[in-house]
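Encoded as structure tokens, the structure appears first; notes follow it.
Numbers restart at 1 for each chain; the letters A, B, ... are given by sequence-line order, proteins then strands. All values reported here derive from a predicted model rather than from experimental measurement. Scope of the values below: all heavy atoms of this structure, side chains included, with no hydrogens, waters or symmetry mates.
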Amino acid sequence: MATPKPYAPFTVRALAVIRSIPRGKVATYAQVAAVAGSPLAARQVARILHSLSRKERLPWHRVINSRGSISLPRGAGFEQQKAALQRDGVKVKEDGSVDMKRRLWVPRIDA
DNA sequence: GCCATGGCTAGTA
DNA sequence: GCCATGGCTAGTA
């Protein structure tokens, strides 16, 4: 309990990216991976969300798949994610999809 | 529906 | 090994 092992670089960057998704917007796993510097590491983002969401208090519900819908299975997080998104003001259809035209996060590219 | 892809946590010994 | 992905093809209608 003395030395919490520091997260690896990609993990640190991904955490920052996830935290920067604004309320009312959603991002895809691939998008988070790309902004964090590894465009092909979408799967790793899933891993990070799976294992670190609780501990790091992440806005995990704002990350969805590239088809524009919730990836978690019904009965295994789907409902929670849907509810959390709705609390953000995001409408989620019965099939778990959201209006990407309106809701997809467009990251700021500053300097 | 298949399969290539990437970076590494959590939990135990 | 694990993972809450992604994207592309074959094979149908």
Side-chain angles (χ1 to χ4, degrees):
Chain A
M1 147 104 220
T3 1
K5 188 177 173 190
Y7 294 129
F10 177 79
T11 299
V12 172
R13 294 195 303 271
L15 291 175
V17 174
I18 293 163
R19 287 195 235 266
S20 69
I21 305 166
R23 176 170 40 244
K25 294 290 180 180
V26 296
T28 67
Y29 299 92
Q31 201 177 13
V32 172
V35 177
S38 291
L40 302 183
R43 202 103 191 235
Q44 178 65 9
V45 171
R47 233 188 88 71
I48 289 168
L49 286 167
H50 177 77
S51 51
L52 271 46
S53 282
R54 208 103 41 120
K55 184 187 297 292
E56 296 295 332
R57 295 182 165 273
L58 299 174
W60 59 272
H61 61 284
R62 315 224 253 242
V63 186
I64 65 179
N65 65 38
S66 66
R67 293 163 307 260
S69 61
I70 292 174
S71 260
L72 291 170
R74 307 213 177 225
F78 177 96
E79 293 79 4
Q80 290 89 330
Q81 184 162 12
K82 181 178 178 186
L85 281 171
Q86 289 173 332
R87 264 178 260 126
D88 276 2
V90 176
K91 178 184 294 183
V92 180
K93 290 169 56 177
E94 178 49 35
D95 67 353
S97 65
V98 309
D99 180 2
M100 294 299 265
K101 272 278 200 264
R102 299 236 172 278
R103 299 307 190 169
L104 182 62
W105 176 46
V106 181
R108 264 204 63 100
I109 332 149
D110 36 337

Integer-rounded Å distance: C/dC2 P and A/Phe10 CZ: 20 Å

Pairwise P distance, C/dC3 and B/dT12 [rounded to whole Å]: 15 Å

Residue mapping more 5' on DNA chain B - nearest nucleotide basis, A/Gly37 or A/Lys55: A/Gly37

A/Val98 and its side chain to side chain contact (heavy atoms under 4.5 Å, CB included) partner, picked from A/Val92, A/Leu104, A/Ile70: A/Val92

Audit row: A/Thr28, A/Val45, side chain to side chain contact (heavy atoms under 4.5 Å, CB included) steps and yes/no: CA-CA 10 Å; A/Thr28 67; A/Val45 171; over 6 Å; no

Phosphate-side-chain proximity, A/Ser66 and C/dG6, N/O vs OP1/OP2 below 4.0 Å: yes

A/Val32 and A/Ile48, any side-chain heavy atoms less than 4.5 Å apart: no

Length of the CG-P vector between A/Leu15 and C/dA4, whole Å: 17 Å

Euclidean distance, atom CG of residue A/Asn65 to atom P of C/dC3 [Å, nearest integer]: 18 Å

Length of the line joining A/Tyr29:OH and B/dG6:P, which is rounded to integer Å: 19 Å

For the student: nearest non-hydrogen atoms of A/Glu94 and A/Lys82, plus distance: OE1-NZ, 3.6 Å

Length of the CZ-C1' vector between A/Arg47 and C/dT5, whole Å: 14 Å

Sugar-phosphate, base or nothing in reach of A/Ile70, heavy atoms under 4.0 Å: nothing

Spacing of A/Arg67 atom CZ relative to B/dG1 atom P, expressed in whole Å: 13 Å

Distance in angstrom units between A/Arg13 CZ and B/dG6 P, rounded: 15 Å

A/Glu56 CD to B/dT9 C1', straight-line distance once rounded to whole Å: 11 Å

Base-pairing assignment for C/dA4 (Watson-Crick or G-U wobble, both under 3.5 Å): none

Minimum-distance nucleotide (side-chain atoms of A/Ala30 versus B/dG6, C/dG6, C/dT5): C/dG6

Touch class at under 4.0 angstrom, heavy-atom based, for A/Pro9 against every strand present: sugar-phosphate

Nearest-nucleotide comparison on DNA chain B, the residue closer to the 5′ end among A/Val12 and A/Arg43: A/Arg43

Side-chain (A/Gln44) to main-chain (A/Ala14) donor-acceptor, under 3.5 angstrom: no

Integer angstrom distance from the C1' of B/dG7 to that of C/dC8: 24 Å

From B/dT9, C/dC3, B/dG6, nucleotide with atom closest to A/His50 side chain: C/dC3

Short side-chain to backbone donor-acceptor contact, A/Gln81 and A/Val63, under 3.5 Å: yes

Assigned partner base of B/dT9, Watson-Crick or wobble definition, under 3.5 Å: none

Pairwise P distance, C/dA4 and B/dG11 [rounded to whole Å]: 15 Å

Sugar-phosphate, base or nothing in reach of A/Thr11, heavy atoms under 4.0 Å: sugar-phosphate

Side chain of A/Leu40 - closest among C/dA4, C/dG6, B/dG6: B/dG6

